[in-house]
Amino acid sequence: MFFSCGKKAQNIPHYTISKEFKSDTLTTLDVHIANRLTTAQLVLIAGKLKTDSAQIKNLAIHFLLPGNSDISAGDNSYYASIKYLEDKQVKSTDSLKDDNGNAVRFQQFGLDSAKAQTLLSQQPAVITGKNVLGKFVDDYAKTLIIPFKDPTDKRDQLFVIEVDGLGDIVSSTVPQKIVDGGVEKWMVDKNGDYITIKDSVLAQYPSNGLGLPFNSIRSGI
C-alpha cells in the first residue's frame, strides 16, 4: 500500500491515496484531491506516484474530489484519470508526458474549476429567504443540485432543484422522507431512488444499489 502526500517544495498539490487494486496487468490507485486541479497539477501528482512506484510498469490513477468515496467510485464520481502507457500503446494523439518523459493518457470526467464556479454562483430566485442545505455540483449531469427548506413550511418539507449554468431550473422535486435504521432517506422518484444529506455531503442512491451510492458530492466544491 502507498502512503504519500504532496511535497510543497515541488509544488505538488496535496493528495492522499485511499485504495490500491492490483491485477495481473494493471495497478490502479484511487487518489483523493482537495479541489478541482488542472491537468498539469494532476500530471505532477501522477509523476510523483510513478517515481515512488518505479517498479510498477502499468499504472492507472483515478482522482476523486472531496465527498466522493471508493465505494461509489466510477465514471459518475471520478474527477479525472491518468494511465501510463507502454511504448506500443502510444498513439499520435498521446502528447502528454510527466516530468520524466513518460507518456500518459488523461481523461477528465468532472467539470473544471471555472465551470464549477459558474454553477456554484447561480442564485435562483426560488431559494431567496430559504434555508439552503448546500450547493452540490453534479459533475455527471453538469448541473447544480440545491436542496432547501422553507422556514414558513409547517410540514418541514425538503425541496430539491437542479440548475444549469445559465441559472435555469431544469428539474424540481419534493422528495418524501423515510427513516430507515436512523438514517433520513429522501425518496426522489417512484422507483425508489433516494438521496441522503449529511455533513455537507449529498449522496445519490439507486433503488437497486444494495444501499451503495452511485455518487456522492461535497457542497461548494
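Please read all numbers here as calculations on a predicted model, not as lab measurements. Hydrogens, waters and symmetry mates play no part in the numbers below; they use all other heavy atoms, side chains included.
Separation of atoms OG1 (Thr28) and CD1 (Ile61) is listed at 9.5 Å; rounding is to 0.5 Å. For the atom pair CD1 of Ile178 and CG of Asp180, the computed distance is 5.5 Å after rounding to the nearest 0.5 Å. Rounding to the nearest 0.5 angstrom, the gap separating the CG atom in Asp189 from the OG atom in Ser207 is 7.0 Å. Phe159 contributes atom CZ, which lies 10.5 Å from atom OG1 of Thr173 (distance to the nearest 0.5 angstrom). Once rounded to the nearest 0.5 Å, the distance linking CG of Leu42 with OG of Ser81 reads 10.0 Å.
Between the side chain of Asp199 and the main chain of Val201, no donor-acceptor pair closer than 3.5 Å is present. In terms of modelled atom types and a separation under 3.5 Å, the side chain of Asn100 and the main chain of Asn102 share no donor-acceptor contact. Under the 3.5 Å distance criterion, the side-chain polar atoms of Lys185 are left unmatched by any main-chain donor or acceptor of Asp193. Using a distance-only test at 3.5 Å, with no hydrogens or angles considered, a donor-acceptor pair links the side chain of Tyr84 to the main chain of Ala46. The main-chain N or O of Leu44 is never found under 3.5 Å from a side-chain atom of Lys48 such that the two would form a donor-acceptor pair. Looking at Thr118, its side chain does come within 3.5 Å of a backbone N or O of Ala114 through a donor-acceptor pair. Listed for the Gln41 side chain is no donor-acceptor partner under 3.5 Å among the backbone atoms of Ile12. Not a single donor-acceptor pair under 3.5 Å links the side chain of Asp150 to the backbone N or O of Lys130.
The closest side-chain heavy-atom distance from Asn131 to Phe148 is not below 4.5 Å. Side-chain contact between Val43 and Ile45 is absent, with no heavy-atom pair separated by less than 4.5 Å. Residues Leu65 and Asn35 have side chains not in contact (no heavy-atom distance under 4.5 Å, counting atoms from C-beta outward).
Sequence neighbours left out, the pairs with a member in residues 95-124 that pass salt bridge (Lys or Arg N to Asp or Glu O under 4.0 Å) are Asp94-Arg105.
Note on Arg36 versus Asp139: salt bridge recorded, some NZ/NE/NH1/NH2 to OD/OE distance being below 4.0 Å. A salt bridge is absent between Lys142 and Asp138; no separation between the charged side-chain nitrogens and carboxylate oxygens falls under 4.0 Å.
The neighbour count for Gln157 CD, taken as heavy atoms of other residues, nucleotides or ligands under 6.0 Å away, is above 12.
Ring geometry for Tyr78 against Phe109 counts as tilted: the plane angle lies between 30° and 60°, on a 0 to 90° scale.
Residues Phe63 and Tyr79 place their aromatic rings such that the two centres sit no closer than 6.0 Å.
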Next item on the list: Verify side-chain hydrogen bond (donor to acceptor under 3.5 Å, both in side chains) between His32 and Ser18, making sure each step is shown before the conclusion.
Entry: CA-CA 7 Å; His32 286 261; Ser18 59; 3.2 Å; yes
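A side-chain donor-acceptor contact under 3.5 Å links Gln123 and Lys135.
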